[in-house]
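Below: one structure, written as structure tokens.
Keep in mind that the numbers below use all heavy atoms, side chains included, and drop hydrogens, waters and symmetry copies. Each ligand, and each atom within it, is numbered from 1 in the order the structure gives.
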Amino acid sequence: MNLATHLRRNALRDPGGAALGFGTRVVSDWATMARDVAALAGGLLSSGLKPGDRVALVATNSPDYARALYAIWHAGLAAVPVNAKLHAKEIAYCIAHSESSLVLHSNDMAGPVGEAVGQIRAVEIGSGEWRRLAGSDPVDTAPAGADDLAWLFYTSGTTGRPKGAMLSHRNLLAMATSYFIDIDPPAPGAIVHAAPMSHGSGLYMLPMMAIGNAQVVPESGHFDPAELGALFARWPATTMFAAPTMIKRLVAHPGSADPGGLRTIVYGGAPMYVADLKAAIGLYGFRFAQLYGQGETPMTITGMTRATMETAYRAGDDAVLGSAGTPQSVVEVRLAEDGEVLVRGDSVMKGYWRDPAASARALAGGWLHTGDIGAFDARGFLTLKDRSKDVIISGGSNIYPREVEETLQAHPRVAEVSVIGVPDAEWGESVVAFVVARDGQLDAKELDALCLSSIARFKRPKEYRFVEALPKNAYGKILKTELRARMATEK
Ligand code: AMP
């Protein structure tokens with residue numbers, strides 16, 4: 001089944017309903033969006049693209065993002081959403097590696113795309129050429145096999161080159177279905193796309209399309225706490241995806257985003273520390289749900305609903321609050337001997353694009369090897385300890401940086417912290433903490449005392465580095481590889 005089928009269905013059953021919003025305005029109803037998408041799909045096909053061809057989408061958030069994505073599917077093509085925040089060289093890599101036949105890009109991405117495309121045709125969204133495509137004769141939804149490629153999802157790559165996870169129509173339909181069973185029950189409303197539609201927030205378009213909820217893009221196109229209050233007030237029953245760092249920024253600007261009609265903030269993509277979650281719940285109430293997934297099994301490994309979180313919060317059950325929830329309904333989740341999280345089910349990718357060796361490694365034995373280390377408790381809640389490559393082995397014992405980070409994060413003057421292992425002649429590795437202080441000076445002795453009061457002695461950092469900021473990739477994920485490299489060059 002083609003994912004674009006949902007759009008046509010929405011147009012039939014609720015033609016005048018809000019489909020796309022920009023800021024506080026409705027910019028398209030369902031009937032209009034379906035017509036626009038069918039016309040754009042016609043334009044794509046008449047310009048020579050054939051079923052299965054890849055179309056790269058290098059654009060900042062806008063209502064046209066959703067139109068373009070659905071037009072690609074409607075035409076039976078495969079989308080390659082590329083994060084607009086990537087470096088021009090990385091954008092070029094994704095376009096070339098995916099062998100895209102066409103690049104659709106937003107006006108503000110003309111520079112990097114121009115550098116990247118070479119012989120490949122590029123069309124700027126909103127340009128005369130775009131309008132010509134969008135004004136073509138509409139076509140019917142192309143048939144799509146369940147295993148046909150829908151979304152080539154380039155992983156965030158905190159190490160090495162990004163890899164293209166091949167997500168089929170089946171994978172994404174399973175993902176959309178699971179969302180309503182395991183993360184947040186369906187309700188009429190809207191989603192606000194404050195995170196990139198190429199990645200974190202974009203996947204949420206699918207479940208929202210499946211139930212006919214409006215897709216709303218903030219006028220800034222990104223996450224701006226000052227803008228969100230007006231959107232939460234305007235749009236009923238709003239859902240928003242937020243990475244933990246975004247939630248921290250919301251909490252740091254109390255009052256800037258009145259929750260208004262906000263229904264659910266779903267967080268994921270990185271660990272959320274219990275202290276931060278409690279602060280967020282204190283301010284916004286029981287409006288949080290969580291999911292754990294990765295590009296290779298998008299949005300679908302484990303999850304936690306608002307109701308589960310509320311029960312845990314009221315019971316003071318920090319083990320549940322700090323966990324990533326329980327396995328979602330469309331996947332089996334188990335742990336390998338070393339604790340690596342393994343996943344099998346309809347949402348798991350077919351493999352990596354043009355990389356049979358990496359595909360064979362990632363899908364060995366028919367299970368996706370996530371690279372995350374976790375542990376299940378007796379109730380079936382999965383707690384993530386760390387990426388396997390971030391685990392520190394000191395004196396033969398495993399130290400999970402996340403546990404140390406969680407401890408230090410509880411200090412009121414610690415704004416951000418990242419813990420890594422560095423080679424140590426005596427212990428194999430020793431623990432170093434990079435700390436961003438909230439205001440002014442922080443004393444390493446104070447932090448050491450905090451560690452001694454709550455974790456085993458051998459896990460304490462041997463060294464504290466106080467820094468202005470932590471290095472992050474375009475997705476806001478902390479780059480431990482860079483911290484390790486920094487330490488290595490000093491030695
Ligand atoms: P990406 O493929 O960019 O979405 O990154 C996926 C990775 O982010 C996972 O393999 C985890 O390491 C991490 N991650 C995703 N969701 C969560 C979560 N809810 N809690 C902790 N880490 C997460």
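At least one heavy atom of L291 sits closer than 4.0 Å to an atom of ligand 1. The closest approach between any non-hydrogen atom of A324 and ligand 1 is not below 4.0 Å. Distances from ligand 1 to the non-hydrogen atoms of D372 include at least one value under 4.0 Å.
Checking only distances, R387 does come within under 3.5 Å of ligand 1, N or O to N or O. Checked against a 3.5 angstrom limit, the closest N/O atoms of T370 and ligand 1 fall outside it. Backbone and side-chain nitrogen or oxygen atoms of Q290 are examined, and one is located within less than 3.5 angstrom of a nitrogen or oxygen of ligand 1.
The only member of K472, R438, K248 that meets salt bridge (charged side-chain N to carboxylate O under 4.0 Å, His left out) when paired with E416 is K472.
With G269, P298, G325 as candidates, the residue nearest to atom 17 (C) of ligand 1 on a non-hydrogen basis is G269. Nearest-heavy-atom check against atom 8 (O) of ligand 1 across E296, K385, H199, K477 picks out K477.
The aromatic rings of W73 and Y70 sit perpendicular, their planes meeting at an angle over 60°, well past the 30° parallel limit.
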side-chain contact (heavy atoms from CB on, under 4.5 Å) assessment of L363 paired with V348: CA-CA 9 Å; L363 296 170; V348 174; 3.9 Å; yes
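When all heavy atoms of P401 and V391 are compared, the pair lying nearest together is CD-CA, 4.2 Å.
Heavy atoms of M272 found under 4.0 angstrom from ligand 1: none, in either backbone or side chain.
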Check: residues 266-279 side-chain donor-acceptor pairs under 3.5 Å, at least two apart:
unit_1: Y273; atom_1: OH; unit_2: E405; atom_2: OE1; d: 2.7
unit_1: K278; atom_1: NZ; unit_2: D318; atom_2: OD1; d: 2.9
unit_1: K278; atom_1: NZ; unit_2: D318; atom_2: OD2; d: 3.1

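Applying the ring-ring contact (aromatic ring centres under 6.0 Å, His included) test to pairs two or more places apart or on separate chains, those with a residue in residues 296-341 are F286-Y313.
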